[in-house]
Amino acid sequence: HRRLQWRMALAILLPWGPAYGGEHVTAQEEIFTRVRLHRFHPLNDENSMTRDRTLGKAGIGDLDDPDWRVRLLAIRDLVRAGEGAAPQILRGLSDENPDVRQVCAAALGVLGADAAVEALERTVREDANGMVRSQAVTALGQIESQASLGLLGERQQSDPSRDVRYQGELAADQIRKRSGATDELRAAFESLDEDRFESVKVGEPA
């Protein structure tokens, strides 16, 4: 039912064919719209961790909730677009929707997009959303941006979000050890098949 709603909304918002608003609609914009249309659970006061809208507690209590699936498949599809789509993904870092900004930062990290370092650093400094800053920090670690070590050290000391401070520490360690995103990580995202999700049976190896 939710997938049908997405398709109907996309048919209205993103008419395929000659052009839309004078420009062809990109595959990346379709992905962004898919994320915008999903109603994610809210975040906590630090804007970094999910808070169940029904229970009012940290985390999501419903194992069937699709938030994780929407994020994961959006990141997968952006990664599949490859580094050639990096300019479009970079524009997503300025989107009004924080969930779009988060998946874009995640994809740029998995892609190891060196050209994204400046924009990711700006996101770490200026974005009001802790979840987005945290993802941008993680991406800088995955890209192994030596030039970002000073900024990461600063954010470990001063960022209002505990998650950003913690991810900054992990990212700095990743850069120093040169243990960033690998070809295997990228291949794992590219090969994700949603038809196989939730297919493991009790008693079978996961």
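The analysis underlying the following values was restricted to heavy atoms, covering all of them including side chains, and did not include hydrogens, waters or symmetry mates. Being a predicted model, the structure only gives us computed values, none of them experimental.
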Quiz prompt | Test ring pair (Phe, Tyr, Trp, His ring centres under 6.0 Å) applied to F189 - qualifying residues, sequence neighbours left out | solution = none

Practice problem: Identify whether L192 and V103 are in the same connected component of the hydrophobic contact network (ILVMFWY, side-chain heavy atoms under 4.5 Å). | Solution: yes

Quiz prompt | Gap between atom OG of S134 and atom CG of N47 - 0.5 Å precision | solution = 12.0 Å

Practice problem: Applying side chain to side chain donor-acceptor pair (under 3.5 Å), name anything that partners D62, two or more places apart in sequence or on another chain. | Solution: none

Quiz item: E169: what forms a salt bridge (Lys or Arg N to Asp or Glu O under 4.0 Å) with it, not counting sequence neighbours?
Solution: none

Quiz item: So how far is it from L111 CG to L185 CG, rounded to the nearest 0.5 Å?
Solution: 9.5 Å

Self-check item: Cluster check F40, I60: I/L/V/M/F/W/Y, side chain < 4.5 angstrom
Solution: no

Practice problem: Could you grab the distance from atom OG1 of T138 to atom CD of Q174, nearest 0.5 Å is fine? | Solution: 8.0 Å

Exercise. Please name the pair of heavy atoms, one in D67 and one in D65, separated by the smallest distance, quoted to 0.1 Å.
Key: N-OD1, 3.0 Å

Practice problem: Specify the closest pair of heavy atoms between A74 and V35, including all atoms of both residues, with the distance to one decimal. | Solution: CB-CG2, 3.6 Å

Self-check item: Qualifying residues under salt bridge (Lys or Arg N to Asp or Glu O under 4.0 Å), relative to R186, sequence neighbours excluded
Solution: E83, E190

Quiz item: How far does CD1 of I31 sit from CD1 of I89, to the nearest 0.5 angstrom?
Solution: 7.5 Å

Quiz prompt | Shortest non-hydrogen contact from D52 toward T54 | solution = OD1-N, 2.8 Å

Quiz item: So how far is it from L120 CG to S148 OG, rounded to the nearest 0.5 Å?
Solution: 8.0 Å

Quiz item: If you take all heavy atoms of A107 and L78, which pair is closest and at what distance?
Solution: CB-CB, 3.6 Å

Exercise. Look at the side-chain heavy atoms of Ile, Leu, Val, Met, Phe, Trp and Tyr, link any pair under 4.5 Å apart, and say whether L72 and F32 land in one connected group.
Key: yes

Self-check item: Summary of salt bridge (charged side-chain N to carboxylate O under 4.0 Å, His left out) pairs that have at least one residue in residues 120-149, sequence neighbours excluded
Solution: R101-D127, R133-D159, E144-R178

Quiz item: Nearest heavy-atom pair of A81 and Q28: which atoms, and what distance?
Solution: CB-NE2, 3.3 Å

Quiz item: Which distance, rounded to the nearest 0.5 Å, do you find between the CG of L140 and the CD of Q146?
Solution: 12.0 Å

Exercise. Answer yes or no: are there more than 12 heavy-atom neighbours, outside E204 itself, under 6.0 Å from its atom CD?
Key: yes

Quiz prompt | E154 backbone acceptor or donor facing S158 side chain under 3.5 Å | solution = yes

Practice problem: For D95, check side chain to side chain donor-acceptor pair (under 3.5 Å) against everything at least two apart and list the hits. | Solution: R36

Quiz item: side chain to side chain donor-acceptor pair (under 3.5 Å) with E118: which residues, sequence neighbours excluded?
Solution: none

Quiz item: So, do L73 and R34 sit near enough that their side-chain heavy atoms are less than 4.5 Å apart?
Solution: yes

Quiz item: When you look at CG of D45, are more than 12 heavy atoms from neighbouring residues, nucleotides or ligands closer to it than 6.0 Å?
Solution: no

Quiz item: How is the hydrophobic cluster of V132 composed, in terms of its other members, when Ile, Leu, Val, Met, Phe, Trp and Tyr link through side-chain heavy atoms under 4.5 Å apart, directly or indirectly?
Solution: L43, M131

Self-check item: Residues R162, E46: salt bridge by 4.0 Å N-O rule
Solution: yes

Quiz item: Do you reckon V164 sits in the same ILVMFWY cluster as L149, going by side-chain contacts under 4.5 Å, direct or chained?
Solution: yes

Practice problem: Work out which heavy atom in A136 is nearest to a heavy atom in V124; give both atom names and the distance. | Solution: CB-CG2, 3.6 Å

Quiz item: With sequence neighbours excluded, what pairs up with Y166 under the ring pair (Phe, Tyr, Trp, His ring centres under 6.0 Å) test?
Solution: none

Quiz item: Tell me, which pairs form a ring-ring contact (aromatic ring centres under 6.0 Å, His included) where one or both residues lie in residues 50-78, sequence neighbours left out?
Solution: W68-F197

Exercise. Using the test salt bridge (Lys or Arg N to Asp or Glu O under 4.0 Å), find all partners of D99 that sit at least two apart in sequence or belong to another chain.
Key: R71

Quiz item: With sequence neighbours excluded, what pairs up with N129 under the side chain to side chain donor-acceptor pair (under 3.5 Å) test?
Solution: none

